[in-house]
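Written out below as structure tokens is the structure these notes cover.
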Amino acid sequence: MKLPESSHTTARMLVVGAGKMGKLVIKHLVAKGCTKMVVVNRSEEKVAAIREEMKGVEIIYRPFTDMLACSAEADVIFTSTASETPLFSKEHVKDLPPVSSEVGGLRLFIDISVPRNVGSCVTDVEGAQVYNVDDLKEVVAANKEDRLRKAMEAQAIITEELKQFEAWRDSLETVPTIKKLRAYADRIRLAELEKCLSKMGEDIPKKTRKAVDDLSRGIVNKLLHGPMQHLRCDGNDSRTLNEALENMNALNRMFGLESDLSLVEQKIRAKVEQSQK
């Protein structure tokens, strides 16, 4: 967050301490694209174990006696040791060479140790910037707030998608009636089409036959459009659901579709009751 994006993979990283927290820092850096870093630790054993685990990453071990020399060659320094006294003070940092403008012109000290490994006086040194656990807590809080906001946005999307899915599912309940109504209309269309064609004689051109067929289909589709629309229910309010049920019953009576609406009625009424709770 504090480094220019162009330097994320090239910034020189120094990790002081190879314990649990130091290892987490290294894993995080690797996840962010860092392929080379220096690790200062009292012994090489833990560093070697981390190096063995992180294949393809150049992890250079240096003893604690080289800490200041390594700091002079680092752009970002993470500290995570159990030291009871600060490892870096103003006197240690003021003589370090400046860092490149490519990394923002500031040497960053990220102190995640408790007690702190970097003295508060280091912030007074020009060209140095210190972040500690308190600063990280602010980042964590901001991240949590961001995740909460995104979770709420996701919940709103889920709610809307669920609403649309339930509407689609509820509309399927009317499919049997829709199919029977269309089949009923098609039977009439075909019967009347045959009567019309027979009156026109046997030598009807294919183009004319197709035109008459298309005309009959178009008329049926336009006539069915309204009833079909009124058989749809969006699942959101009891009025629409009740209307869908009433329309199905009305169509069944008017056209003698003989649909078994008992199951459909049961499901839709259950939906109505649920929406009213």
Side-chain angles (χ1 to χ4, degrees), residues 5 31-33 142-277:
E5 191 172 347
K32 292 297 180 183
N143 286 343
K144 283 185 176 179
E145 185 177 346
D146 184 55
R147 287 199 298 271
L148 179 60
R149 190 185 74 254
K150 288 180 179 177
M152 291 174 68
E153 290 173 359
Q155 186 59 52
I157 293 171
I158 291 170
T159 301
E160 180 59 29
E161 291 297 323
L162 180 60
K163 179 178 169 183
Q164 293 181 19
F165 171 78
E166 288 181 340
W168 169 79
R169 184 197 62 195
D170 289 339
S171 72
L172 295 181
E173 303 292 355
T174 63
V175 168
T177 300
I178 290 172
K179 284 183 176 179
K180 289 188 177 184
L181 179 58
R182 179 163 286 282
Y184 174 80
D186 276 339
R187 284 197 301 273
I188 295 175
R189 181 187 73 83
L190 289 171
E192 294 303 315
L193 178 63
E194 286 303 316
K195 287 180 185 179
C196 175
L197 293 175
S198 65
K199 290 178 182 179
M200 295 174 70
E202 296 181 358
D203 299 327
I204 306 172
K206 287 184 178 179
K207 188 175 181 180
T208 303
R209 182 182 290 272
K210 184 177 185 306
V212 175
D213 184 68
D214 289 343
L215 175 65
S216 66
R217 290 179 187 276
I219 292 172
V220 168
N221 287 337
K222 287 186 181 298
L223 286 173
L224 289 181
H225 179 72
M228 294 299 185
Q229 287 297 105
H230 284 82
L231 284 176
R232 305 290 181 183
C233 53
D234 62 10
N236 294 327
D237 61 85
S238 58
R239 181 184 57 81
T240 306
L241 291 166
N242 276 327
E243 282 184 1
L245 182 58
E246 290 170 2
N247 291 335
M248 282 190 291
N249 278 306
L251 287 170
N252 182 60
R253 290 193 306 271
M254 285 188 290
F255 295 101
L257 301 179
E258 298 179 354
S259 298
D260 181 8
L261 296 180
S262 58
L263 181 59
V264 175
E265 184 173 355
Q266 221 173 32
K267 288 183 177 180
I268 292 185
R269 290 205 181 281
K271 186 72 178 177
V272 172
E273 292 173 2
Q274 184 182 0
S275 66
Q276 290 174 337
K277 288 180 180 179

Discussion item. Asp146: which residues meet the side chain to side chain donor-acceptor pair (under 3.5 Å) condition with it, sequence neighbours left out?
Written reply: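 Asp146 satisfies side chain to side chain donor-acceptor pair (under 3.5 Å) with Arg149, Lys150 only.
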Worksheet entry | Residues in side chain to side chain donor-acceptor pair (under 3.5 Å) contact with Glu194, at least two apart in sequence or another chain | none
Please, which pairs that meet ring-ring contact (aromatic ring centres under 6.0 Å, His included) have at least one residue in [range], sequence neighbours excluded?
range: residues 186-221; result: none
range: residues 192-220; result: none
range: residues 178-224; result: Tyr184-Phe255

Assess whether atom [atom1] of [X] is packed by more than 12 heavy atoms of other residues, nucleotides or ligands within 6.0 Å.
X: Met254; atom1: CE; value: yes
X: Glu153; atom1: CD; value: yes
X: Glu160; atom1: CD; value: yes

Worksheet item: How far does CG of Leu181 sit from CG of Asp186, to the nearest 0.5 angstrom?
Response: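 The CG atom of Leu181 sits 9.5 Å away from the CG atom of Asp186.
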Practice prompt. Let me see the working for Asn221 and His225 under side chain to side chain contact (heavy atoms under 4.5 Å, CB included), right down to the final yes or no.
Written response: CA-CA 6 Å; Asn221 287 337; His225 179 72; over 6 Å; no
Practice prompt. May I have all residue pairs that pass side chain to side chain donor-acceptor pair (under 3.5 Å) and include part of residues 206-217, sequence neighbours excluded?
Written response: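 Every side chain to side chain donor-acceptor pair (under 3.5 Å) pair that includes a residue of residues 206-217, provided the two are not neighbours, is Arg189-Asp213, Arg189-Ser216, Lys210-Asp214, Asp213-Arg217.
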Worksheet item: Closest approach of Ile204 and Leu197, non-hydrogen atoms and distance?
Response: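 The pair with the smallest heavy-atom distance is CD1-O, 3.3 Å.
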